Structure formats: structure tokens, C-alpha cells
Amino acid sequence: MPGTTHDPLRTGRRTRRTGRMLGAYLTAILLTVLPGVSGAVADAGRSTGTPRATLRYTESGVPHILARNFTDLGYGYGYAVAKDNICVLADNFLSVGAERSRYFGPDGAANTTLTSASDNLTSDLHFQRINDSGAVERLAGRPAPQGPRQEMRDIVTGYAQGYNRYLARTGRDGITDPACHGAAWVRPITGTDVYRLFYALMNWTGQGALADGIVGAEPTPGAAPAPADAPTADRIKAGLDRTLRADGKGSNGIAVGADGAAGSHSVLLGNPHFPWRGAGRFWQVQLTVPGKLDVSGAGLLGTPFVQKGFNDQVAWTHTLATPRTFGLYEVHLVPGDPTSYLVDGVKEKMTPRTVRVQAKAPDGSLTEVRRTLYETRYGPMINRAVGVGLPWNAATGYALRDANGTNLRGLNTWFGLATARSTADIERSLSATQGAPWINTMATDRAGHAFYGDIQVVPHVTDEQAESCGTPLGKELFRKTGLPVLDGSKSSCAWGSDPDSVEPGLFSPKRLPSLTRQDYVLNSNDSPWLANPHAPLTGYPRIVGDVGTPRSARTRESLATVEETLQGKGFTKESMQRMLFTDRSRMAVLAAADTATMCGAFPDGKAPSGNGPVDVGRACRALADWDHTYSLTSRGSLLFERFVLKLATVPGGLWNVPFDPADPVGTPNSLKTTNPEVRRAFGDAAAELHAAGIPLDAALGDHQYVVRGTDRIPMHGAPEALGVLDLITPVWDPGRGNVDVRTGSSYLQVVSFTDAPCPDVSTLVTTSQSADPGSPYYADQTKLYSSGEWLPGRFCEKDILASPDLAVTELS
């Protein structure tokens with residue numbers, strides 16, 4: 001049939017000559033093969049025969065997957081995502097299968113998009129401990145809401161089948177991506193592998209972040225106890241910030257309701273900042289089971305469903321949230337027996353678990369590595385947290401409790417969001433499943449509502465319990481970070497529970513902050529306090545986040561930009577897109593003029609640096625004329641970026657005007673340019689550019705870029721410290737400048753609901769759909785991102801059929 005192919009994948013592309021025939025053919029598919037497209041579907045449950053799915057590809061290789069039931073939907077998803085990203089996926093499944101050491105050696109680099117483990121062996125021991133426990137299998141076997149709902153079980157089953165179908169089609173030697181061409185570690189998967197990968201992502205901020213401490217834990221009777229002082233708490237706080245916000249991980253979400261939208265009912269911006277590699281990459285898809293599900297958006301690689309997206313009635317996005325999703329217990333050990341501890345004066349023996357993994361030796365042979373790890377009633381013992389030692393000595397030790405340790409419920413959460421018809425449904429899904437693992441949610445709907453909710457997994461530790469049960473170190477940590485360290489020798493110090501919580505030990509959704517408005521709500525990874533400054537959120541537990549504290553430069557830019565736009569005509573889809581790609585820096589707004597004045601005042605145009613005076617003459621005029629944006633053509637911005645990054649280590653504070661909670665957007669301000677450390681930081685930044693051969697007034701795009709194949713693609717945007725919404729975390733090369741991106745804007749969506757039945761949508765996957773350098777979709781969207789362009793978000797049938805690049809594949 002013209003414009004259509006059958007598996008194997010030889011997709012036909014629509015031309016003007018075949019377009020009419022293809023449109024008629026697709027209509028026939030919808031009305032006969034999938035009889036319920038405009039109503040109920042006869043076969044909407046589990047598949048009873050050979051899986052079948054229709055993949056309709058539009059611009060940039062975005063698939064719109066159509067199936068009669070959920071198993072077949074998962075089958076199409078698994079096949080399509082494997083076709084684009086088989087090597088990344090195989091590496092993810094290898095990691096959660098605890099086999100990295102077997103193939104890559106124990107000292108190799110771990111997959112750090114799944115865990116903070118320092119090497120392959122630590123990663124394998126961490127995941128093998130989880131696999132040996134059977135936790136994932138038990139959770140997968142439980143009924144909903146604790147276990148997956150039937151639709152998600154079917155999707156997972158089909159996903160594994162579709163992935164395996166693609167691998168069987170190509171074989172290892174047929175894989176075109178050199179990252180795993182012919183590799184023995186690329187293998188078929190099962191549904192359990194899919195669940196394990198999803199579980200690892202849910203535990204990323206708990207067990208995953210503390211893998212080194214879990215795997216390295218062993219009794220050291222002579223060790224000194226961890227100091228219970230403010231400096232130790234500060235080191236742990238810095239470690240948490242470094243680990244959980246590594247490389248600028250975060251997001252912006254802005255939901256504008258009817259009162260803030262111009263010419264529409266609502267507008268939503270989703271702008272996650274995630275790794276540009278590994279499990280952190282997003283992949284875009286539309287999933288349709290007629291009459292049952294129709295959702296478009298993107299999911300992290302390896303997850304079997306849309307996680308940020310929209311349907312014809314609602315749109316939603318997420319941002320990393322501030323609640324601590326784990327807690328520590330200080331256990332009091334039995335004298336002479338460091339693997340036993342006391343609870344209410346009664347001895348409890350720790351449970352030893354001997355974990356075994358295979359590791360590749362230098363000669364290529366395999367050896368078995370064994371490690372005995374210990375479990376308490378609270379969870380595993382640890383001996384360090386985010387780089388700070390927590391010794392397990394003769395008297396005390398520390399155990400970890402991860403609130404996401406029972407979370408496969410996120411599968412149900414995202415299914416509920418995908419099928420929601422209003423922001424009230426969004427809130428109900430978050431509350432009924434409590435599966436959002438470490439994220440805020442922003443949503444809009446066709447009725448003009450804007451919703452914010454930090455309804456997620458939060459340990460039930462009240463401020464009162466943290467005070468009465470907190471250890472001396474715990475009290476310092478809780479005040480500064482919200483992380484509880486409780487007395488494990490008292491059963492009364494166990495996490496509490498609310499009667500309407502899905503799981504014991506969690507706060508009820510009713511006790512967590514949420515807000516529905518007609519103007520706007522937003523979040524840029526700060527606490528819920530200023531989701532809307534006209535209705536500040538307060539009264540939530542400290543573990544959720546702080547109140548009345550300085551906001552990040554990015555939060556301040558979000559609030560300032562939204563308020564400025566609302567004072568004009570309000571938001572349209574197009575103005576929201578322009579706002580993001582304006583790349584304005586809040587730090588530049590606050591400090592660029594002060595910096596230019598300081599620059600112009602240096603004697604003989606030379607700034608002090610750690611290696612003597614540095615010529616900065618060309619910088620002063622560029623900074624004075626700069627428009628404060630990180631566009632490709634901006635001049636002086638790269639110097640200012642290097643300067644601001646160095647200010648992070650300047651002691652004593654940066655601002656003359658301190659923070660005022662009554663003016664959280666405007667304060668603090670006025671850079672301390674008389675501080676010798678500030679002046680030296682500027683000189684050091686200029687010296688860096690001189691050493692790299694970069695003019696101080698160079699255009700940003702000439703020296704901030706990524707390389708894809710033979711193409712050098714300039715990048716706009718800036719790191720977290722600069723307060724740019726369009727965040728990227730570049731890789732600095734002292735000889736060339738910013739030569740790659742570790743983390744940054746990833747799956748972008750702007751969704752507007754108007755009187756038209758179809759949502760008005762623009763999207764972009766900044767990393768592009770495929771990690772395979774041989775794919776036509778390896779860098780195409782990365783180039784669009786560079787030039788500030790977007791893709792049309794084709795959702796309704798007429799829009800899909802109108803794609804000039806429409807190509808159809810049937811899996812049958």
C-alpha cells in the first residue's frame with residue numbers, strides 16, 4: 001500500500017502524489033482495524049493474539065502509536081523506542097541487572113543517570129542487593145494501588161515483547177549504533193527488567209543517591225563517631241545539593257490559567273532539565289488505544305509510558321521537588337556485637353545478606369565478588385551519606401529508610417494523569433496513587449485552571465517528631481535541609497502515618513501543599529512557598545521545604561518574567577515560547593552593570609587574578625552594552641558566566657542588600673564589587689578565556705556548542721547559577737570553551753487550550769529522538785533547538801495526517 005510498510009521497518013514517506021491514498025488508507029485503519037476510534041473499543045483489554053500496533057511517524061521521527069489494546073500499545077512502544085535507542089536502553093537494563101562489572105570491569109564508570117555509585121562494582125552490588133531482596137517482584141505482584149494497575153501491567157508486558165522483537169529483527173550485529181554494535185551485553189528483556197528500571201528511577205533520590213554508603217557499610221569498632229555539629233550538617237547539605245541537583249538537574253514549570261492567558265483558556269510550559277545521556281534522556285511519543293487512552297508527551301528512556309505530556313483536555317509537567325524522600329536512623333549497638341542493635345531495650349539482630357556479582361578480571365576471566373551487607377528494621381546500614389562519613393563503630397551506626405522503597409505506584413500515577421479530564425482529576429490521581437516520587441506537578445486544563453501540587457512521596461516526619469526524636473546531628477540537618485536523623489533505639493520514633501495514606505509512613509496528600517488559580521502557578525525547583533506570590537503557601541512540614549528564604553536566581557527570573565508578561569496582554573503559546581528562548585539571565589539583570597562598572601575602574605584596564613594582573617579592556621564595553629541574555633550572538637556573556645561560577649566560592653556573601661522576604665524577587669542585590677575576592681574572581685575568569693584563546697567579547701555561540709557527528713552545533717542558554725530559564729550545564733574545556741552539554745533543557749512543551757477541539761502545541765526534544773549517530777533523528781532537533789525553532793505538536797488525526805513527513809509502519 002502506498003506510503004505504508006509492514007515490519008521489517010521500511011517506513012514509506014508521504015509525497016503529494018501518494019498523500020491522498022495514504023490518508024484514505026489510514027482512515028480505513030482507524031475505522032476497521034481499530035473500530036473504536038470514535039467510540040468504545042471491542043478489544044480494549046489484554047491481548048489474546050499476536051500483538052499488533054500501527055506506528056505513524058511525523059516530523060523528526062516522533063511516533064504516534066495506535067493499538068487495539070494495552071499489550072499491543074506497549075509492544076509498539078517497546079519496538080519504536082528500541083529502534084531509536086537500543087544501546088542506551090541495553091545499558092540501562094544491564095545496570096539494573098547488576099552486570100556492568102561482568103562486561104566492563106569493576107573499576108569502570110557506573111551509569112550515573114541511575115545511581116551515584118562511584119564505579120561499576122558498587123553499582124552492581126547495589127542493584128544485586130535489591131534484586132536478591134525480591135522487592136520489585138513483590139511490588140509488581142501486588143494489586144493496585146500498591147502494585148501496577150492492569151493497563152500498566154499489559155503495557156509492560158507488551159513493551160518487553162516489542163523491545164525483543166526489534167532486537168530479534170536486527171540481531172546484535174545488525175545494530176548500527178557503534179556504542180553496542182555486536183556487543184554481548186545486549187540481550188532480550190523481561191517485564192521484570194522494565195519494572196526494575198522504573199524502580200531504580202523512583203529510588204534515584206534515596207537508595208540510588210546513597211549507593212556508596214550502602215555497599216561500603218561494615219562495622220569499624222574503633223572509628224570515631226560523626227561530629228554532631230553545624231559544619232558536618234553543612235557538608236551533608238552541600239553533598240545533597242551536589243548529588244540531587246548534579247549538573248543542573250531541575251526543571252521549570254509554568255501553568256497559566258484563564259486570567260493570565262491571551263486568546264486562549266490556558267497555557268502550560270514544561271521545561272525539564274535532565275541529563276543529555278543515559279536514562280536521563282527523554283523520548284517523545286503519542287499513545288492511543290481508541291476510547292481508552294490518547295496521550296502525547298515524553299518519558300525517560302526505559303520507562304514504558306508518557307511522564308510529561310497532554311491530552312485534549314489537560315496538560316501537565318513536573319519539576320524536581322524539595323522534600324527529602326529518605327531519612328536516617330541512628331541505631332544503638334549491643335556492646336561487643338556491632339551487628340545487633342537495641343529497640344526499647346530489646347536486642348534485634350541485623351539481617352546479613354551476602355551479595356554476589358561477577359566481575360571481569362584484567363585477563364578477561366570472570367571472578368565472583370562477595371559482599372555481606374546488613375539490614376535493620378529501618379533499612380540497610382550505611383557508612384556515609386553524599387560523601388560525608390557516618391561511621392559504624394562499636395556504639396552506634398546509621399540505617400537508611402527510603403520512602404520510595406515501595407514505589408511502583410508511579411506507573412499508576414502517570415496513567416491517571418494521562419487519562420485526566422481536568423486539573424481536579426490531576427490532583428485526584430496524585431492523591432489516590434501517591435506515586436509521584438520526587439516531583440512537583442503543574443497542570444492546566446481546557447476550563448482555564450492552573451494547578452500546582454507537591455503531592456508526592458514524603459516521609460511522615462513532623463517538625464515535632466524531628467525535635468523530640470532527632471539526634472544532635474539530626475536536629476542540625478533537619479533545620480538546614482529537612483533531612484531527619486532519628487533515634488533508632490525508640491520504637492516511638494518510627495515514622496508516623498495518616499489513615500488516608502496509600503502506604504504507612506507517608507504524609508497524607510491532604511497535608512501536602514497544592515494550589516489552584518486562574519492566573520498562574522509555577523515552580524523552578526525551590527520549595528512550594530512562592531508557587532504564586534499573591535497566595536504564598538505556608539504551614540507545610542519542614543521536610544517538604546522551607547518558607548521565607550532566598551529564592552534561586554532561576555526562580556526569581558521565572559517570577560519576574562511571568563509578572564512582566566501578565567502586566568501586558570498575557571500569555572499566548574507563542575509568547576511563552578519566546579520567553580523561554582529569550583535566555584535572559586537574572587544574575588545579569590542583578591549584577592552585570594555593577595560588573596561593567598568594576599571592570600572599567602581597574603587601573604590600566606587590568607584586573608587582579610591568582611596569577612597576577614589580567615588585561616580586561618575588551619570586556620568592559622561588551623558588558624556595559626550586553627542585553628543580559630545568553631543568545632548565540634551575545635557578547636561578554638561567556639566571561640560573565642565564568643565569573644559567576646567562580647563567585648560560588650567567594651566567602652562572606654556577594655550582596656550589599658540582603659534578602660528581604662517581603663521582596664523575594666528583588667533581593668538580595670547590589671554586587672559587592674569592593675570585595676577583593678569578587679575582583680579576583682573576575683580576573684581569574686578573564687584569565688581562563690585568555691588561556692583558551694577566546695576573546696573576552698566573543699559571541700557566545702562561537703565557543704559554546706555540542707558536536708554531533710561532523711556538525712558543530714552552537715548552544716544558547718546558561719548554567720544554573722546564571723538564573724536563565726533555558727538552563728544548560730556545559731562541559732568546560734580549558735583549551736576550547738564550552739564543548740558539550742551534560743544536562744539541560746530536554747523535552748520542551750508549550751500547550752495552549754483554545755475553543756478549537758485540538759490542543760495548540762509546540763514541542764522539542766533537545767537531544768533528538770535517537771542516540772544512534774546513524775539515525776536521521778540523531779541531531780535534527782538539537783539543530784532546531786540551536787536555532788530557536790520548535791516542532792508542531794501533532795495530536796488530532798487531522799494534524800497527524802497533515803504531516804509532510806508522515807510515514808507508517810505496521811507491526812503485525
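Note that the structure is predicted; figures quoted are calculated from it, not measured.
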(Q) If you compare all heavy atoms of Leu512 against all heavy atoms of Asp454, which two are closest, and at what distance to 0.1 Å? (A) CB-O, 3.5 Å
**Q.** Nearest-0.5 Å distance, CG of residue Leu671 to CZ of residue Phe682
**A.** 11.0 Å
Q) Is it true that the side chains of Thr441 and His318 contain a donor and an acceptor less than 3.5 Å apart? A) yes
Q) Of all heavy-atom pairs between Thr322 and Val544, which one has the smallest distance, and what is that distance? A) OG1-O, 2.6 Å
Q. Just by distance, with hydrogens left out, do Thr667 and Asp660 show a side-chain donor and acceptor under 3.5 Å apart?
A. no
Q. Quick one: does Asp463's side chain have a donor or acceptor within less than 3.5 Å of a partner on Arg542's backbone?
A. yes
Q.
Please determine whether a side-chain nitrogen of the Lys or Arg among Asp697 and Arg618 lies less than 4.0 Å from a carboxylate oxygen of the Asp or Glu.
A. yes
**Q.** Side chain to side chain, Met442 and Leu522, heavy atoms closer than 4.5 Å
**A.** no
Q. Trp655 and Asn669: which non-hydrogen atoms are nearest, and at how many Å?
A. CE3-C, 3.3 Å
Q) Nearest 0.5 Å, what's the CG-OG1 distance between Leu623 and Thr595? A) 6.5 Å
Q. Counting distance only, does the side-chain N/O of Arg281 pair as donor-acceptor with the main-chain N or O of Phe274 below 3.5 Å?
A. no
(Q) Please check this pair: side chain of Arg551 against backbone of Asp526, looking for a donor-acceptor N/O pair closer than 3.5 Å. (A) no
Q.
What I want to check is whether the side chains of Ser745 and Asp726 have a donor and an acceptor closer together than 3.5 Å.
A. yes
Q: Please step through side chain to side chain contact (heavy atoms under 4.5 Å, CB included) for the pair Phe571 and Leu269, ending with a clear verdict.
A: CA-CA 11 Å; Phe571 278 99; Leu269 168 69; over 6 Å; no
Q. Looking just at side-chain N and O atoms, do Arg708 and Thr782 make a donor-acceptor pair shorter than 3.5 Å?
A. no
Q. Relative to the ring of Trp529, is the ring of Phe659 parallel (under 30°), tilted (30 to 60°) or perpendicular (over 60°)?
A. perpendicular
Q. In Å, rounded to the nearest 0.5 Å, how long is the span from CG of Leu328 to CG of Leu473?
A. 8.5 Å
Q) With side chains defined as the heavy atoms from C-beta onward, is the minimum distance between Ile728 and Tyr630 less than 4.5 Å? A) no
Q) Just by modelled atom types, is the Pro272 backbone N or O under 3.5 Å from a matching donor or acceptor in the Ser746 side chain? A) yes
Q: Over all heavy atoms of both residues, which pair between Leu639 and Ala619 is shortest? Give the atoms and the distance, please.
A: CD2-CB, 3.3 Å
Q: Tell me, with the steps shown, if Ile236 and Glu476 meet side chain to side chain contact (heavy atoms under 4.5 Å, CB included).
A: CA-CA 10 Å; Ile236 294 176; Glu476 286 280 352; over 6 Å; no
Q. Can you tell me if Ser786 uses its side chain to pair, donor with acceptor, with the backbone of Pro714 under 3.5 Å?
A. yes
Q | Evaluation steps, side chain to side chain contact (heavy atoms under 4.5 Å, CB included), between Glu563 and Tyr520 | A | CA-CA 10 Å; Glu563 289 287 341; Tyr520 74 92; 2.5 Å; yes
Q. Side chains of Thr205 and Phe326: closer than 4.5 Å at any heavy-atom pair?
A. no
Q) Does Gly717 offer a backbone N or O that forms a donor-acceptor pair with the side chain of Gln704 under 3.5 Å? A) yes
Q. Below 4.5 Å, heavy atoms only, C-beta onward: do Val267 and Ser752 meet side chain to side chain?
A. yes
Q | Side-chain touch Met715/Pro730, heavy atoms, less than 4.5 angstrom | A | no
Q) Is a side-chain donor or acceptor of Ser558 paired with a backbone partner of Arg554 at a separation under 3.5 angstrom? A) yes
Q) Tell me, do Leu559 and Arg556 make a side-chain contact under 4.5 Å, heavy atoms counted? A) no
Q) Do Asp604 and Lys606 meet the salt-bridge criterion of a basic N to acidic O distance under 4.0 Å? A) no
Q | Distance, nearest 0.5 Å, that separates CG of Asp740 from OG1 of Thr729 | A | 11.5 Å
Q. If you measure only the distance, is there a donor-acceptor pair under 3.5 Å linking the side chains of Asp583 and Ser631?
A. no
(Q) side-chain hydrogen bond (donor to acceptor under 3.5 Å, both in side chains) for Asp594 and Thr673? Distances and angles first, verdict last. (A) CA-CA 7 Å; Asp594 293 337; Thr673 55; over 6 Å; no
Q) So which heavy atom on Val614 is nearest to which on Ala686, and how close? A) CG1-CB, 3.8 Å
(Q) Tell me if a side-chain donor or acceptor on Arg584 pairs with a main-chain N or O of Asp627 at a distance below 3.5 Å. (A) no
Q. Looking at Thr317 and Gly270, what are the two nearest heavy atoms and their distance?
A. OG1-CA, 3.3 Å
Q: For residues Leu515 and Asn532, determine if any side-chain heavy atom of one lies less than 4.5 Å from a side-chain heavy atom of the other.
A: yes
Q.
For Val765, is there any backbone N or O sitting under 3.5 Å from a side-chain donor or acceptor partner on Gln781?
A. yes
Q. Do Asn525 and Glu720 have side-chain atoms, one donor and one acceptor, less than 3.5 Å apart?
A. no
Q | Lys237 NZ: over 12 foreign heavy atoms closer than 6.0 Å | A | no
(Q) Check whether His273 reaches the backbone of Leu725 with its side chain - one donor and one acceptor, N or O, closer than 3.5 Å. (A) yes
Q | Arg736 vs Tyr705, side chain to side chain contact (heavy atoms under 4.5 Å, CB included): CA-CA, chis, key distance, verdict | A | CA-CA 10 Å; Arg736 294 181 294 164; Tyr705 55 89; 4.0 Å; yes
Q | Pairwise distance CG(Leu654) to CE(Met587) - rounded to 0.5 angstrom | A | 6.5 Å
Q. Does some side-chain heavy atom of Trp732 sit less than 4.5 Å from a side-chain heavy atom of Leu645?
A. no
Q) Do the ring planes of Phe282 and Tyr747 sit parallel (below 30°), tilted (30 to 60°) or perpendicular (above 60°)? A) tilted
**Q.** Side chains of Arg235 and Thr232, donor plus acceptor under 3.5 Å
**A.** yes
Q. What distance separates Phe640 CZ from Ser634 OG, expressed to the nearest 0.5 Å?
A. 11.5 Å
